[in-house]
Amino acid sequence: METSRRTLLLAASALPLAAPRLARAQALPPPILFVHGNGDHAALWLTTLWRFESNGYPPDRLLAVDMPDPLARDDDAVPQAGRSGSAEQTERLAAFVAEFRARHGGARIALVGNSRGGYPIRDFVVHQGGSDAVSHAVLCGTPNRGVYDWPEIRNREFNSQSDFLRRLNGGTTDVVPGTAFLTIRSAWNDVFAQPRAIWSATPDRPTGTDVDGPELRGATNLVLGALDHREVAYHARAFAETFSFVTGRPPARLSVEPEARPVLDGRVTNTAGGVTNRPVAGATVEVYRVSPETGERMGEAIHRRVTEEDGRWGGVPVGPDWTLEFVVAAPRHPITHIYRGPFPRGSTVVNLRPARAPTQAERDGGGGVVLFQRTRGYFGIPRDAILLDGRVPPELRPGVAISALATRQIPAGELGRPVVGIFNEDRVVSRAWPAAENRITLAELTW
C-alpha cells in the first residue's frame, strides 16, 4: 500500500512538468511525409518543403522520401529489374511511416502523394490498416480510376482493370473513418486523366477514364482549374490547399522566405539502363557559381566531392541569389552539366540525376545538346510563355500540357555562347558542352 501511495505521489509531483511538454506536443502540427510519382524522386517536393518552412512549419516534421525503383512494372505481378510492383510500394511506404512516426513519438502523420505516389497511400491507409497512423491523406493527380482500360496490358498498375485497382476501387467508398482524405485534380489539363490517350502513339484511342478520374468517393475533392498533372501537387495553389487541409488554417504566405546562407545537399542517383533512385558511388560532383546573364563560371569550383555508397554529394553553402552549375561525372553515365536558378533556402533533397547520353548523331554533329526541363510541372501551349534559345520549342504542341522537356541542338561554332530558357517569369541560362565528349547540358527550372 505504501509503495502504491509513493508511486502516486511521485507521479502527481511530475504533472506540473509533464503538462507543458504535453501541451507543446499537442500544439505541434502533424508530421508530413511526401511521396513522389512514377519515375520521379523526392526533389520534386523541394519548393513545397520551402513553402511549408516559410510558414513556420518545423523542418524536422517534413519528410520527402525516395522510392528506390520508382517506375511501375509492365505487369504488376511479374518482377522486373529496376521497377517496382504495387505491393512493394505499399511495403516501402509502411516502413517509411513507421520510421517517421518513431522519430516523433508515435504521432499520427499526414501523407501527401503525387500521381502514382497516391496509390500506396490509399492501399496503406484503407486496405492495410494504416488509418490509425495517418490523420490526413492528400492525393494530388493520382489516377484513382486508372489511366486506361486496355486488355492487352490488363495488369499494368495504371489499368483500371488491374488486380490492384480493382481491389482499391471495389468497395462502396474509397476512404475509411478517422483519416481525412483530400484529392486535388485539374479541371481538364491532366494528361493522365483524359478520355482519349493523347499521351500515346494512338492519341485518339479511348481510355475508359475521364478528367474526374482522380476523385475519391467519400473524400473532399478539389478542382484547380488549368493546373497540370504535376502542378496539382507542386504549384503554390496546391501547397495552399494542402497546408489548409492539414493544419486547419490558411498559410500566411505563398512565397518562399530566403535564408541568409542556404546549404545544399542531396544524392546522385542512377539512370544507366533505366531510372532508379538508388545512389551512385564514385560520382564526382563539382559546383560552380555562374553568371545569371551568361552562364559563364565565376571562378573555380566552390565545391567538389566524390560520392560514397550513400550517393551524397554535399553539403555546400551558397548565396540565396546565386545561379549555379552542377557538373556530375558518374560511372556509366554521361557528364551532365546542370544549370539552376537561385536556391533561396537550403535542402537535403537536391538530388542530381545524370541526363540521357547524347545520341550518336548528336556526337557526330560536333555541337552540343541543351535539355530544357520543367521538373514540377509541364509546358502548356498557349497557357505558358516558353522560349528556348529565342524560340518556342517546336516539339511542344498546343492543348493539354503533355511534356516537361524541350531540346535544342547547338552548332559546334556556338558552344561558348549563352542559351536562355524562359518559362513565364522563371529563367535559366546555360551553356552547351561538346556532345562528342559525352557531355550534355540540363537547364532545369525550379518553379
Side-chain angles (χ1 to χ4, degrees), residues 34-42 44 65-97 111-128 130 137-171 174-175 181 183-185 190-202 205-217 219 229-230 232-233 274-278 402:
F34 299 87
V35 188
H36 59 75
N38 192 52
D40 291 333
H41 55 127
L44 270 72
V65 297
D66 280 308
M67 291 294 188
D69 298 308
L71 287 170
R73 297 170 178 170
D74 292 333
D75 185 316
D76 192 36
V78 179
Q80 187 174 358
R83 294 184 175 233
S84 57
S86 58
E88 290 177 71
Q89 293 287 94
T90 301
E91 290 170 6
R92 177 65 63 171
L93 176 63
F96 283 137
V97 169
L111 296 175
V112 181
N114 173 229
S115 191
R116 188 193 185 202
Y119 284 166
I121 292 175
R122 285 185 66 189
D123 195 21
F124 173 72
V125 173
V126 179
H127 297 273
Q128 308 298 332
V138 182
L139 278 58
C140 310
T142 297
N144 287 306
R145 306 301 169 213
V147 178
Y148 43 74
D149 62 356
W150 299 346
E152 69 272 22
I153 48 174
R154 187 198 69 80
N155 209 35
R156 183 78 189 269
E157 189 175 310
F158 302 109
N159 195 316
S160 62
Q161 300 304 313
S162 68
D163 295 340
F164 176 66
L165 283 186
R166 285 165 65 92
R167 176 168 62 81
L168 286 195
N169 296 326
D174 298 318
V175 302
F181 273 82
T183 73
I184 304 177
R185 72 167 175 91
D190 186 332
V191 63
F192 298 118
Q194 296 293 326
R196 298 194 179 275
I198 60 173
W199 39 267
S200 75
T202 55
R205 184 176 181 181
T207 62
T209 190
D210 210 334
V211 295
D212 58 359
E215 294 189 354
L216 291 177
R217 296 163 295 178
H229 180 67
R230 284 181 175 168
V232 293
V275 174
T276 80
N277 289 324
R278 298 184 182 276
I402 196 171

Minimum-distance pair of heavy atoms, taken over all atoms of [X] and [Y]:
X: Pro143; Y: Phe192; value: CB-O, 4.4 Å
X: Ile121; Y: Val112; value: CD1-C, 3.7 Å
X: Asn169; Y: Asn144; value: ND2-O, 2.8 Å
X: Thr209; Y: Arg145; value: OG1-CB, 4.2 Å
X: Asn114; Y: Thr142; value: C-OG1, 4.4 Å
X: Glu157; Y: Ser84; value: OE1-O, 4.4 Å

I need the [X] [atom1] to [Y] [atom2] distance, nearest 0.5 Å.
X: Gln128; Y: Glu91; atom1: CD; atom2: CD; answer: 8.5 Å
X: Leu93; Y: Asp123; atom1: CG; atom2: CG; answer: 9.0 Å
X: Gln161; Y: Asp163; atom1: CD; atom2: CG; answer: 10.0 Å
X: Cys140; Y: Arg230; atom1: SG; atom2: CZ; answer: 13.5 Å
X: Arg92; Y: Met67; atom1: CZ; atom2: CE; answer: 8.0 Å
X: Leu44; Y: His36; atom1: CG; atom2: NE2; answer: 8.5 Å

Handout entry: Ring geometry between Phe164 and Tyr119 (parallel below 30°, tilted from 30 to 60°, perpendicular above 60°)
Key =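 Because their plane-to-plane angle is over 60°, the rings of Tyr119 and Phe164 count as perpendicular.
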
Exercise for the section: Please state whether the rings of Trp199 and Tyr148 are parallel, tilted or perpendicular, taking 30° and 60° as the class boundaries. Expected result: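 If you compare the ring of Trp199 with that of Tyr148, the planes turn out tilted.
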
Can a salt bridge be assigned to the pair [X] and [Y] using a cut-off of 4.0 Å between side-chain N and carboxylate O?
X: Arg217; Y: Asp174; answer: yes
X: Arg278; Y: Asp66; answer: no
X: Arg116; Y: Asp40; answer: no

Practice task
Would you sort out whether Val138 and Ile184 count as a side-chain contact (heavy atoms from CB on, under 4.5 Å), showing the intermediate values?
Solution key: CA-CA 8 Å; Val138 182; Ile184 304 177; 4.2 Å; yes

Practice task
Applying side chain to side chain contact (heavy atoms under 4.5 Å, CB included) between Asp75 and each of Ile153, Asn159, Asn155, report the one that passes.
Solution key: Asn155

Handout entry: Test item: Asp69 and Gln80 side chains (from C-beta on) under 4.5 Å apart, heavy atoms
Key =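 Answer no - side chains too far apart.
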
Handout entry: Phe96 side chain near Pro120 side chain, heavy-atom distance below 4.5 Å
Key = no

Exercise for the section: Measure from the side-chain N and O atoms of Arg83 to the backbone N and O of Pro70, and report whether any donor-acceptor pair falls under 3.5 Å. Expected result: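 A pair under 3.5 Å: no.
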
Handout entry: Polar side-chain atom of Asn38 near backbone of Ser115 as donor-acceptor pair, under 3.5 Å
Key = no

Handout entry: Distance-only donor-acceptor check, side chains Asp76 and Ser86, under 3.5 Å
Key =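 On atom types as modelled, these side chains qualify, holding a pair under 3.5 Å.
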
Problem - Residues Leu216, Arg122; criterion side-chain contact (heavy atoms from CB on, under 4.5 Å); working and verdict - result: CA-CA 10 Å; Leu216 291 177; Arg122 285 185 66 189; 3.6 Å; yes

Handout entry: Enclosure of Arg154 CZ (heavy-atom neighbours >12, cutoff 6.0 Å)
Key =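 Buried by this count: over 12 neighbours within 6.0 Å.
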
Practice task
Run the numbers on Thr207 and Val147 for side-chain contact (heavy atoms from CB on, under 4.5 Å), then give the verdict.
Solution key: CA-CA 7 Å; Thr207 62; Val147 178; 5.9 Å; no

Problem - Test side-chain contact (heavy atoms from CB on, under 4.5 Å) applied to Val125 and Phe181, step by step - result: CA-CA 10 Å; Val125 173; Phe181 273 82; 3.8 Å; yes

